[in-house]
Amino acid sequence: MKVHTLVSEDYGENTYIAETGTNKAVIIDPGADYESIKGVLATNNLSAEYVFLTHGHYDHIISAHNFEPSIIYAHISEKELIQTPAYNLSSYMGSGISLKNINYIEGEEGFVKGFKYMHTPGHTGGCMIIIKDDCLFSGDTLFYDTVGRTDLPSGNPRMLKESLKVFERLDKNLIVYPGHGQPFTLKDAYGSNYFLR
Ligand SMILES: [Zn+2]
């Protein structure tokens with residue numbers, strides 16, 4: 001799957017635009033500015049079919065309001081955080097983001113719109129990873145050599161440790177596209193990441 005990456009200037013957050021078919025794209029974590037996202041879509045002749053939120057932190061959802069709520073998907077356990085500026089931390093950034101009426105996915109894992117999701121609480125209570133073809137979008141659950149912090153609202157280090165076990169049963173050739181930083185293979189992460197040992 002061809003994946004375009006936009007890095008937000010302010011927060012170093014990765015917004016991914018994945019080409020899912022002819023002229024079709026899915027956006028993962030629209031934290032980059034909307035003009036840039038629109039630019040990538042236009043340049044590549046794509047239209048956004050769906051938007052997935054790996055979790056609800058402000059730096060991953062800044063541009064989400066530009067999309068129809070009906071095409072946005074997040075995990076049900078993230079609902080309160082997505083609707084509450086003090087929890088998604090947008091209130092501290094002077095914006096106050098509260099997304100309403102988006103689609104909430106239930107269960108520990110499954111498929112939505114051809115993407116596999118796995119609920120991986122820990123960084124926040126409703127974090128999920130998203131997998132399609134050879135791509136794994138890990139949000140702030142897994143980075144190359146570390147994991148997401150667990151000291152923010154709904155964070156829980158014990159749950160994160162448990163969630164990291166899901167990577168054991170996944171194909172190690174998957175390319176991991178993290179919420180921050182460069183992509184890497186899951187195999188590489190097992191060599192570099194203390195938290196996966
Ligand atoms: Zn986060």
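Side chains included, hydrogens not; waters and symmetry mates left out as well; all remaining heavy atoms used.
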## Note on the structure
Between the CG atom in N44 and the CG atom in N23, the distance rounded to the nearest 0.5 Å is 10.0 Å

### Query
Out of curiosity, I28 CD1 to S138 OG, how far, rounded to the nearest 0.5 Å?
11.0 Å

### Query
If you round to the nearest 0.5 Å, how far is OG of S8 from CG of N14?
8.0 Å

### Task
Kindly compute the distance separating OH (Y177) from SG (C135), expressed to the nearest 0.5 Å.
4.5 Å

### Query
Do the side chains of L99 and Y58 join up, straight or via other hydrophobic residues, at under 4.5 Å, putting them in one cluster?
yes

### Task
Mind telling me whether F137 and Y16 have parallel, tilted or perpendicular rings, with 30° and 60° as the class edges?
tilted

### Task
For I27 and P30, work out which heavy atoms get closest and say how close.
CG2-CB, 4.1 Å

### Summary
Correct closest heavy-atom pair for G125 and S77 would be O-CB, 3.5 Å

### For the student: nearest non-hydrogen atoms of M93 and Y11, plus distance
SD-OH, 3.6 Å

#### Entry: Heavy-atom side-chain contact between M159 and K161 under 4.5 Å
no

### Message
Around atom CD of Q182, are there more than 12 heavy atoms from other residues, nucleotides or ligands closer than 6.0 Å?
### Response
no

### Query
Okay, side chain of S63, backbone of Y34: is any donor-acceptor separation there less than 3.5 Å?
yes

### Message
Between I72 and V40, is there shared hydrophobic-cluster membership here, with clusters defined by ILVMFWY side-chain heavy atoms closer than 4.5 Å?
### Response
yes

### Message
Run the salt bridge (charged side-chain N to carboxylate O under 4.0 Å, His left out) test on E35 and K38 for me, step by step, so that the C-alpha distance in whole Å, both residues' side-chain angles and the decisive distance to 0.1 Å come before the verdict.
### Response
CA-CA 5 Å; E35 289 304 313; K38 271 202 303 191; 3.5 Å; yes

### Query
Would you find more than 12 non-hydrogen atoms of other residues, nucleotides or ligands less than 6.0 Å from R197 atom CZ?
yes

### Query
Looking only at heavy atoms, what is the nearest atom pair of T84 and E80, with distance?
OG1-O, 2.5 Å

### Query
Honestly curious: do V7 and I37 fall in one hydrophobic cluster under the side-chain, below-4.5 Å linking rule?
no

### Task
Kindly indicate, with the supporting measurements, whether the criterion side chain to side chain donor-acceptor pair (under 3.5 Å) is fulfilled by S90 and N88.
CA-CA 6 Å; S90 59; N88 62 42; 2.6 Å; yes

#### Entry: Criterion side-chain contact (heavy atoms from CB on, under 4.5 Å) on H75 and C127, from CA distance to verdict
CA-CA 7 Å; H75 196 272; C127 273; over 6 Å; no

#### Entry: Steps toward side-chain contact (heavy atoms from CB on, under 4.5 Å) verdict (I17, V3)
CA-CA 6 Å; I17 299 169; V3 178; over 6 Å; no

### Query
Do H180 and H60 come within less than 4.5 Å of each other through their side chains, counting heavy atoms only?
yes

#### Entry: M1 side chain reached by T20 side chain, heavy atoms, under 4.5 Å
yes

### Query
What are the two closest heavy atoms between S91 and A86, and how far apart are they?
OG-CA, 3.3 Å

### Task
Could you give me the CA-CA distance, side-chain angles and deciding distance for E109 and K116, then say whether salt bridge (charged side-chain N to carboxylate O under 4.0 Å, His left out) is met?
CA-CA 7 Å; E109 61 181 90; K116 182 178 174 69; 2.9 Å; yes

### Query
Do E78 and H55 have side-chain N/O donor and acceptor atoms under 3.5 Å apart?
no

### Query
Going by atom types alone, do E13 and T15 pair a side-chain donor with an acceptor below 3.5 Å?
yes

### Task
State the CG-CD1 distance between D133 and I175, to the nearest 0.5 angstrom.
10.5 Å

#### Entry: hydrophobic_cluster_shared for Y104 and F111, side chain cutoff 4.5 Å
no

### Message
Please check this pair: side chain of D59 against backbone of G31, looking for a donor-acceptor N/O pair closer than 3.5 Å.
### Response
no

### Task
Determine, stepwise, if the pair E49 / I71 fulfils side-chain contact (heavy atoms from CB on, under 4.5 Å).
CA-CA 7 Å; E49 273 201 305; I71 70 166; over 6 Å; no

### Message
Taking the ring centre of each residue, are H123 and H57 less than 6.0 Å apart?
### Response
yes

### Message
Who clusters with F167? Use side-chain heavy atoms, under 4.5 angstrom, across I, L, V, M, F, W and Y, and order the result by chain and number.
### Response
M118, I129, I131, L136, L142, Y144, V147, L160, L164, V166, L170, L174, V176, F184, L186, Y190, Y194, F195, L196

### Trace of the side-chain contact (heavy atoms from CB on, under 4.5 Å) decision for L152 with T124
CA-CA 7 Å; L152 297 169; T124 63; over 6 Å; no

### Query
Closest heavy-atom contact between I105 and M128?
CD1-CE, 3.7 Å

### Query
Going hydrophobic residue to hydrophobic residue with side-chain gaps under 4.5 angstrom, can you get from I62 over to Y92?
yes

### Message
Less than 6.0 angstrom separating the ring centers of F115 and Y50, yes or no?
### Response
no

## Note on the structure
Only residue of T54, D140, T141 satisfying side chain to side chain donor-acceptor pair (under 3.5 Å) with T120 is T141

### Task
Can you measure from CD1 (I102) to NE2 (H65) and round to the nearest 0.5 angstrom?
14.0 Å

### Task
May I ask you to test the I97-I61 pair for a side-chain heavy-atom distance under 4.5 Å?
yes

### Query
Do K24 and E19 come within less than 4.5 Å of each other through their side chains, counting heavy atoms only?
no

